[in-house]
Asker: 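Structure provided below as structure tokens; questions to follow.
Note that the numbering runs from 1 along the sequence shown for the chain.
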Amino acid sequence: MFRKPLVIASLLLIVFGIFGIVSEYHLQQDYQKGREVVVDVTDKPADCDALSYRRGVIITVRYLDRTIIKSISRGQCAVHLVDDKIKVILAPDGKRIFFIDEIDAIQEDMVASALISLAGFICLIRSLKKKNSRPGSIATN
């Protein structure tokens, strides 16, 4: 009776996990194919310590007459926004920037997405096994 919702939930986990893997893969490709540049920070918070732990902040950087907006966390603010010029990785299309150490977070997010998909597969297999077993049968060893 309750197996159909479990199958649907399992499929949703698998789809969301795969979507996350593909999304993070594209970010990783942009990072790896990008080039290291120095950008001018035009808008940043006055005090990184005053930022909320849960909410990030938007910064604005400028590179070759192009303005790029990036959302950053409190930790990234304290580490990366010490000067008005910072070294970043510029994506090949020039629309996105990455901090030098951001590849670690991208790879961690990809692993998390893979684990979500794996959990979905496990739930799907378990729900299908229970669905195919006959009630009242006795398992023998």
Side-chain angles (χ1 to χ4, degrees), residues 1-135 137-141:
M1 178 176 178
F2 293 106
R3 286 179 180 73
K4 189 172 183 178
L6 182 59
V7 170
I8 293 170
S10 301
L11 292 173
L12 284 174
L13 278 176
I14 293 167
V15 168
F16 284 132
I18 291 172
F19 177 76
I21 292 169
V22 170
S23 174
E24 294 301 320
Y25 175 78
H26 289 300
L27 287 177
Q28 183 179 19
Q29 292 300 307
D30 281 350
Y31 181 93
Q32 291 173 341
K33 292 178 182 175
R35 59 192 162 118
E36 195 172 297
V37 297
V38 176
V39 297
D40 295 317
V41 180
T42 57
D43 187 26
K44 67 180 181 178
D47 183 16
C48 290
D49 293 330
L51 296 176
S52 167
Y53 277 106
R54 293 184 182 199
R55 296 192 60 184
V57 68
I58 303 290
I59 63 167
T60 306
V61 299
R62 192 154 185 79
Y63 179 73
L64 296 178
D65 297 326
R66 176 177 261 168
T67 301
I68 303 168
I69 297 171
K70 180 167 179 65
S71 176
I72 63 167
S73 67
R74 179 180 181 182
Q76 289 173 323
C77 180
V79 171
H80 296 290
L81 297 182
V82 178
D83 296 324
D84 289 335
K85 291 184 181 278
I86 56 173
K87 193 182 292 188
V88 296
I89 303 292
L90 181 67
D93 63 2
K95 296 179 181 178
R96 179 182 289 130
I97 60 170
F98 302 96
F99 292 120
I100 301 297
D101 60 351
E102 201 166 343
I103 189 68
D104 297 332
I106 293 170
Q107 291 171 342
E108 288 168 4
D109 290 346
M110 193 180 299
V111 169
S113 296
L115 290 175
I116 290 171
S117 287
L118 179 63
F121 278 118
I122 291 170
C123 289
L124 181 65
I125 290 169
R126 290 186 58 98
S127 67
L128 292 177
K129 277 186 179 180
K130 287 181 181 180
K131 189 177 185 179
N132 292 335
S133 65
R134 287 182 280 167
S137 63
I138 299 173
T140 59
N141 288 335

Asker: Where is the tightest heavy-atom contact between Tyr63 and Arg35, given as atom of each residue plus distance?
Answerer: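 In this case the closest contact between Tyr63 and Arg35 is OH-NH1, 3.5 Å.
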Asker: Search all heavy atoms of Phe99 against all heavy atoms of Tyr31 and return the closest pair with its distance.
Answerer: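 Minimum heavy-atom separation between Phe99 and Tyr31: O-CE1, 3.5 Å.
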Asker: Could you tell me whether the side chain of Lys70 and the main chain of Ile97 form a donor-acceptor pair under 3.5 Å?
Answerer: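 Side chain of Lys70 to backbone of Ile97, a donor-acceptor pair under 3.5 Å: yes, one is there.
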Asker: Working to the nearest 0.5 angstrom, can you tell me the gap between Asp40 CG and Leu64 CG?
Answerer: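 Between Asp40 CG and Leu64 CG, I get 10.0 Å after rounding to 0.5 Å.
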Asker: What is the minimum heavy-atom distance between Lys87 and Ile100, and which atoms define it?
Answerer: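 Taking Lys87 first and Ile100 second, the nearest heavy atoms are O-CG1, 3.6 Å.
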Asker: When you look at Ile14 and Leu118, which way does the side chain to side chain contact (heavy atoms under 4.5 Å, CB included) test go after all the steps?
Answerer: CA-CA 7 Å; Ile14 293 167; Leu118 179 63; over 6 Å; no
Asker: Side chains of Val61 and Val88: closer than 4.5 Å at any heavy-atom pair?
Answerer: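 Sidechains of Val88 and Val61: no contact.
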Asker: Salt bridge (Lys or Arg N to Asp or Glu O under 4.0 Å) with Lys95: which residues, sequence neighbours excluded?
Answerer: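 In terms of salt bridge (Lys or Arg N to Asp or Glu O under 4.0 Å), with neighbours along the sequence ignored, Lys95 is linked to no residue.
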Asker: Quick one: pull up CD1 in Ile106 and CD in Gln32 and give me the separation to the nearest 0.5 Å.
Answerer: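 With rounding to 0.5 Å, CD1 (Ile106) is 8.5 Å from CD (Gln32).
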Asker: Within the 4.5 Å heavy-atom criterion, are Val41 and Ile86 side-chain neighbours or not?
Answerer: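 In contact.
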Asker: If you measure from CG on Asp109 to CD on Gln28, what distance do you get to the nearest 0.5 Å?
Answerer: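 One gets 11.0 Å once the value is rounded to the nearest 0.5 Å.
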Asker: Report the distance from atom CD1 of Ile21 to atom OG of Ser117, rounding to the nearest 0.5 Å.
Answerer: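 Reported value, rounded in 0.5 Å steps: 4.5 Å.
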Asker: Got a sec, which residues hit salt bridge (Lys or Arg N to Asp or Glu O under 4.0 Å) with Glu24, two or more places apart in sequence or on another chain?
Answerer: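 Scan of Glu24 (salt bridge (Lys or Arg N to Asp or Glu O under 4.0 Å), adjacent residues dropped) gives none.
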Asker: Distance check, rounded to the nearest 0.5 Å: Ile59 atom CD1 versus Asp43 atom CG?
Answerer: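 Separation between the atoms: 9.0 Å.
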Asker: Measure from the side-chain N and O atoms of Thr42 to the backbone N and O of Thr60, and report whether any donor-acceptor pair falls under 3.5 Å.
Answerer: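 Judged by distance alone, yes, a pair lies under 3.5 Å.
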Asker: Could you pull out the closest heavy-atom pair between Ser10 and Cys123, with the gap in Å?
Answerer: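 Closest pair (atom of Ser10, atom of Cys123, distance): OG-CB, 3.1 Å.
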Asker: For the atom pair CZ (Phe98) and CD1 (Ile103), what is the distance rounded to the nearest 0.5 Å?
Answerer: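 Going from CZ on Phe98 over to CD1 on Ile103, the span is 8.0 Å.
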Asker: Which residues pass the side chain to side chain donor-acceptor pair (under 3.5 Å) test with Arg62, sequence neighbours left out?
Answerer: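 In terms of side chain to side chain donor-acceptor pair (under 3.5 Å), with neighbours along the sequence ignored, Arg62 is linked to Thr67.
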Asker: Evaluate side chain to side chain contact (heavy atoms under 4.5 Å, CB included) for Asp30 paired with Arg96, printing each intermediate quantity in order.
Answerer: CA-CA 8 Å; Asp30 281 350; Arg96 179 182 289 130; 3.0 Å; yes
